[in-house]
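The block underneath contains the structure these notes are about, expressed in structure tokens.
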Amino acid sequence: MTATILIIDDDEMIRSFFSELLEDEGYEVLAAATGGEGEALLRQKPVDVVLLDLRLPDVDGLTVLGRIKGQEVNVHVIVLTAFSAVPTAVEAMKLGAYDYVDKTSDASKLKLIIERALKELAMQREIERLRRRSGGYAQGWIVGESDEMRRIARLVEKVAPGRATVLLQGESGTGKEVVADAIHRQSARSNKAFTVINCAAIPEDLLESELFGFEEGAFTGARRRKKGLLEVADEGTLFLDEIAEMAPKMQAKILRVLETRMVRRVGGTSDVTVDVRFIAASNRDLKEAVKQGTLREDLYYRLGVVVIDLPPLRERMEDLELFVAAFVDEFNRSMGRKVTGVSSRVLKLMREYPWPGNIRELRNVIERAMVLCEGEEIQPSHLPGDFSELAAAVDPSAATPQLSDPAPELPDDGLDLEDVVVHLERHYIVEALERTGGNQTEAAALLSISRDQLRYRMEKYKLT
Ligand SMILES: Nc1ncnc2c1ncn2[C@@H]1O[C@H](COP(=O)(O)OP(=O)(O)OP(=O)(O)O)[C@@H](O)[C@H]1O
Ligand SMILES: [Mg+2]
């Protein structure tokens, strides 16, 4: 699908120059000479990216920006500035502009920013789509695009309504509980309890009374009769986590429940009928556990009416970007942040990393990075230690500086080094001044330059 770009600028030369440039790139281009005209076009046509001049004849560009960002539609706005208007551009960023570009700068820079904006837009839309699609994000989990996960999602949809027991296998953090929860939510039991019991975490004798409950006087301390989780879970779903860690005696008891749907409390003399949907999980290969004799074979077959193997993250790397975007989005909401994503270097490192803790680890890494990251984009320096070792292995030169990766990759068609350096220098000076509330001594210290050097540069960039 061709992306549509709208240029709002009163300068006829700029309009025709950018129109031609972007049409050559294969974009559909619309142009408007005033804010009013631009907004009218936005109402008529689906637009992906707006290039917005801040000095317009009829309205203030910042007002137009505010109005665009105030609407529901997903549009990225790139502000076109004159060299001297950096402070206004910074203001625009605060209002939600995606980025700003100097009108006089090299065209390749603008092309690069537009590409990035479109990529991000596509990702946001994909998340929206998944969120809206029933059975996908709406059920609290991300399916992803890999064939294997789509197959699993279809299987979940198919088995959810019934009562067949489901066995989930997969490494730690691959989403076994997430999928168990999705099965429960998509079943007719969704308004009843989803009860989780971790078989490894509870000592053997306690597990029995937890699961089956007890009658008054069944053992010392049993003063009042108590319902077990099997009864509490009646009409709902019971998730038996780490099933392979369950003691043999308990395995026999659970097997009986699966076969008879009857429960007898500890110290009790009669059975109670329960209607429970069982889902079990393990991060071990259960067939192997059966061979080794730690899991009863009959229990394995009873539980594994449907077996779902969740792939480790490193085997579904095509979903990495989607998960990253979804978690960034999640934490943006909960932390009130506006992080746009991860830098291309971070993505590269993430692709190399083996992710032993799978999706849980990825989510934790993103959360940590967002706490550390003060700018808009997550950089390698925000990643945990494991990654810097990886970075050193992938690219030794990246390990030394603290500012591990301020710049995007070298574009295929090259770049103007002088221009990029000037842009970066200006960017950090503005940021340092902002962070220190305009205190030149502190800003200079942050940048490891003298106050005079800072002043000189502020003058050069007309920052007052
Ligand atoms: N498909 C998914 N969509 C969204 N989040 C996910 C998904 N899979 C995993 N997660 C995230 O990863 C975390 C860990 O998932 P989950 O608890 O299901 O893993 P697990 O396979 O049960 O791991 P363990 O064996 O360690 O218990 C979840 O809390 C959730 O934040
Ligand atoms: Mg789990």
Side-chain angles (χ1 to χ4, degrees), residues 9 11 14 51-56 60-63 65-66 77-110 112-113 116 337-340 343-346 369-382 397-411 414-464:
D9 197 313
D11 186 335
I14 294 277
L51 299 183
L52 178 66
D53 180 18
L54 287 183
R55 261 184 307 199
L56 294 167
D60 181 14
L62 288 177
T63 312
L65 171 65
V77 179
I78 298 167
V79 164
L80 299 171
T81 59
F83 189 61
S84 57
V86 175
T88 334
V90 171
E91 192 55 36
M93 299 290 285
K94 286 188 188 147
L95 280 172
Y98 179 77
D99 208 339
Y100 60 91
V101 196
D102 196 321
K103 281 186 205 182
T104 59
S105 69
D106 201 314
S108 61
K109 187 191 276 173
L110 177 68
L112 199 74
I113 292 175
R116 205 156 29 98
R337 296 286 302 276
K338 264 170 77 178
V339 171
T340 53
S343 75
S344 57
R345 252 198 82 74
V346 167
M370 285 186 57
V371 171
L372 296 178
C373 161
E374 290 182 345
E376 297 198 339
E377 202 176 53
I378 294 171
Q379 301 296 337
S381 59
H382 304 133
S397 66
T400 13
Q402 291 170 289
L403 264 176
S404 353
D405 185 22
E409 256 177 284
L410 180 64
L415 49 72
D416 180 337
L417 186 62
E418 296 272 356
D419 202 32
V420 170
V421 171
V422 163
H423 186 80
L424 262 180
E425 188 174 75
R426 199 176 53 192
H427 170 82
Y428 283 120
I429 288 173
V430 170
E431 209 173 286
L433 284 167
E434 279 209 329
R435 199 179 299 172
T436 58
N439 184 319
Q440 292 178 12
T441 314
E442 284 174 28
L446 260 183
L447 298 167
S448 318
I449 54 176
S450 72
R451 221 176 116 196
D452 281 339
Q453 283 171 321
L454 177 70
R455 284 222 181 109
Y456 167 77
R457 287 179 170 82
M458 284 171 67
E459 235 161 72
K460 180 169 140 197
Y461 298 129
K462 304 200 172 57
L463 301 165
T464 38

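Only this structure's heavy atoms are used, side chains among them; waters, hydrogens and symmetry mates stay out. For clarity, every value in this text was computed on a predicted model and none was experimentally measured.
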Exercise. For residues Glu377 and His382, report the shortest heavy-atom separation together with the two atoms involved.
Key: O-CE1, 4.1 Å

Self-check item: Contact summary for Leu454 and Ala444, nearest pair of heavy atoms
Solution: CD2-N, 3.9 Å

Self-check item: Least distance between heavy atoms, Ala443 atom then Leu433 atom
Solution: CB-CD2, 3.9 Å

Quiz item: In Å, rounded to the nearest 0.5 Å, how long is the span from CE of Met458 to CD of Gln453?
Solution: 14.0 Å

Quiz item: Is Lys94 paired with Glu434 through a side-chain N to carboxylate O contact shorter than 4.0 Å?
Solution: yes

Practice problem: Verify, without hydrogens or angle tests, whether Ser343 (side chain) and Gln379 (backbone) share a donor-acceptor contact under 3.5 angstrom. | Solution: no

Self-check item: Taking every non-hydrogen atom, the tightest pair across Asp53 and Leu56
Solution: O-CG, 3.5 Å

Quiz prompt | Lys462 NZ to Arg426 CZ distance, which is reported to the nearest 0.5 Å | solution = 11.0 Å

Exercise. Report yes if the side chains of Ile113 and Val101 come closer than 4.5 Å at any heavy-atom pair, otherwise no.
Key: yes

Quiz prompt | Check ion pair Arg116-Asp99 (N to O, under 4.0 angstrom) | solution = yes

Quiz prompt | Minimum heavy-atom distance Ala97-Val79, with the two atoms named | solution = CB-CG2, 3.8 Å

Self-check item: Asp9 with Lys103: basic N within carboxylate O range, under 4.0 Å
Solution: yes

Practice problem: Could you grab the distance from atom OG1 of Thr88 to atom OH of Tyr100, nearest 0.5 Å is fine? | Solution: 10.5 Å

Quiz item: Once you round to the nearest 0.5 Å, how far does CG of Leu51 lie from CD1 of Ile14?
Solution: 10.5 Å

Quiz item: Any sub-3.5 Å donor-acceptor pair from Glu442's side-chain atoms to Asn439's backbone N or O?
Solution: no

Quiz item: What distance separates Ile429 CD1 from Tyr461 OH, expressed to the nearest 0.5 Å?
Solution: 6.0 Å

Practice problem: Any salt bridge (charged side-chain N to carboxylate O under 4.0 Å, His left out) involving residues 444-459? Give me the pairs, sequence neighbours left out, ordered by first then second residue. | Solution: Glu425-Arg457

Exercise. Return the minimal non-hydrogen interatomic distance between Glu91 and Leu62, and the atom names on each side.
Key: CG-CD1, 4.0 Å

Quiz item: Given the rule in the side-chain contact (heavy atoms from CB on, under 4.5 Å) test, do Val77 and Tyr98 qualify, once you have shown the distances and angles that lead to the verdict?
Solution: CA-CA 5 Å; Val77 179; Tyr98 179 77; 5.8 Å; no

Quiz item: Distance from Leu80 atom CG to Arg55 atom CZ, nearest 0.5 Å?
Solution: 12.0 Å

Quiz item: Can you tell if the side chain of Val339 reaches within under 4.5 Å of the side chain of Glu376, non-hydrogen atoms only?
Solution: no

